[in-house]
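See below for the structure under consideration.
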Amino acid sequence: MKRFLLIPMVSLVSLLSSCTTYPRLLNFTFDPSGRSLNSPSDDITPQISGRFITFVSDRQGRQDVYLFDGNTRRLVDIPGLNQLDILASHPGISEDGRYIVFAGTRQGQSNIYLHDRETRQLRNLTENFKAEVRNPVISADGSTIAFESSANGQWDLMILDARSGQPLDIPITPR
Amino acid sequence: MNRFAPKNLLRHGLTLIFGLSFGSFLVGCNPTNIPIGPTSINSRYTDEQPSLSANGRFLAFVSNRNGSRNILLYDLQNRQFADLPGLNRQNAIADSPSISNTARYIVYLTSNQGRSSVILYDRITRGSQVIYQPYQGWIRNPKISPDGRYIVFESGGRGQWDIEVLDRGPSIELDLIDGVPSGFSLTGPQ
């Protein structure tokens, strides 16, 4: 009789204790049809801000930006962001979920794009840049954007005011 | 009293010389090899992988200056580098920095003998801890949430890149702006 009690007791204790150990990995349901955080394809470069996780996936046969709402545990539509002729990488999102920044390659030319989910507008922030750009990030308040530029023959950092698209007035030139 | 009397001149001169030599002594003995003085974000070496704090005040990045690969934190408001005591070590490569709201928490990746770990550095306690280390397989690109509770990263454990979300738990000190919680949760209503 005691032996039969032991197994459920041990499993109950281990279950309870496992609930209180942090840090722990969260369990998100894996969805083979591609409607969740992870899919049978590569899901890469996640970035988290508030309730949102934005990332890049090729689950639809092309490399697009995806937006996952951690609160509802559903993908959120981002109309106007993914363009047929732009290969997107390294997305970042502001904490209110309004602005998404990403690097996009179009006809061999890389640019930093800013998408406004409220107006559904897509803005090219580096249209006049004669350099390769990559790895953009946006601050949680959506005010500032930083990325890498190859203008000096090596990777340097650029910092822009997100609203005006102009470089911030800080010493960033090589010494 | 005449300020330019020979006696006074001598005294001022001596004070100046002592002051200068003491100052240069202090500067010369500064043990850190990160250039705190120069105010430039970019150097003649690669400066990459930027991360911004919530209001854009702090910029963390990886730089190859000083002959090794280090994580630097720059204060864009005061135009100077912030000290990160104990973060950069000689025998580990630090990569992919990501910072929380006020740059209190810095999450980054290290590789040691083929094993990669996600490290959490706390600027207040000046301590580092291994926050995640897989038994096998690769991890990449860790990013911390602005409040510092969650860390997302790529994991290659299933033979492809998947996204994992690490929860530091409800009892950690959140990095809040003006002490106001954002009200967002990843473990709340589902």
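Below, chain A is the first sequence line, B the second, and so on; all start at residue 1.
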Contacting moiety of [X], where chain B heavy atoms sit under 4.5 Å:
X	result
A:Ser143	side chain
A:Ser94	neither
A:Arg74	neither
A:Asp161	neither
A:Leu25	both
A:Phe30	side chain
A:Ser149	neither
A:Phe68	neither

Against chain A, work out which of [options] has the most heavy-atom pairs shorter than 4.5 Å and name it.
options	value
B:Asp162, B:Thr46, B:Asn141	B:Asp162
B:Ile163, B:Val165, B:Asn101	B:Ile163
B:Ile177, B:Asp167, B:Leu166, B:Leu76	B:Asp167
B:Ser171, B:Gly169, B:Pro146	B:Pro146
B:Ser145, B:Ser63, B:Pro142	B:Ser145

Residue pair A:Asp42, B:Glu154: steps toward the side chain to side chain contact (heavy atoms under 4.5 Å, CB included) verdict: CA-CA 10 Å; A:Asp42 279 333; B:Glu154 292 170 43; over 6 Å; no

Nearest non-hydrogen partners of B:Pro50 and A:Glu148, listed with the distance: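 Here B:Pro50 and A:Glu148 meet closest at CD-OE2, 3.8 Å.
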
Quick check: does any side chain N or O of A:Gln154 sit under 3.5 Å from a backbone N or O of B:Asp47, one acting as donor and the other as acceptor?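 Flag not set: sc A:Gln154 to bb B:Asp47 has no pair under 3.5 Å.
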
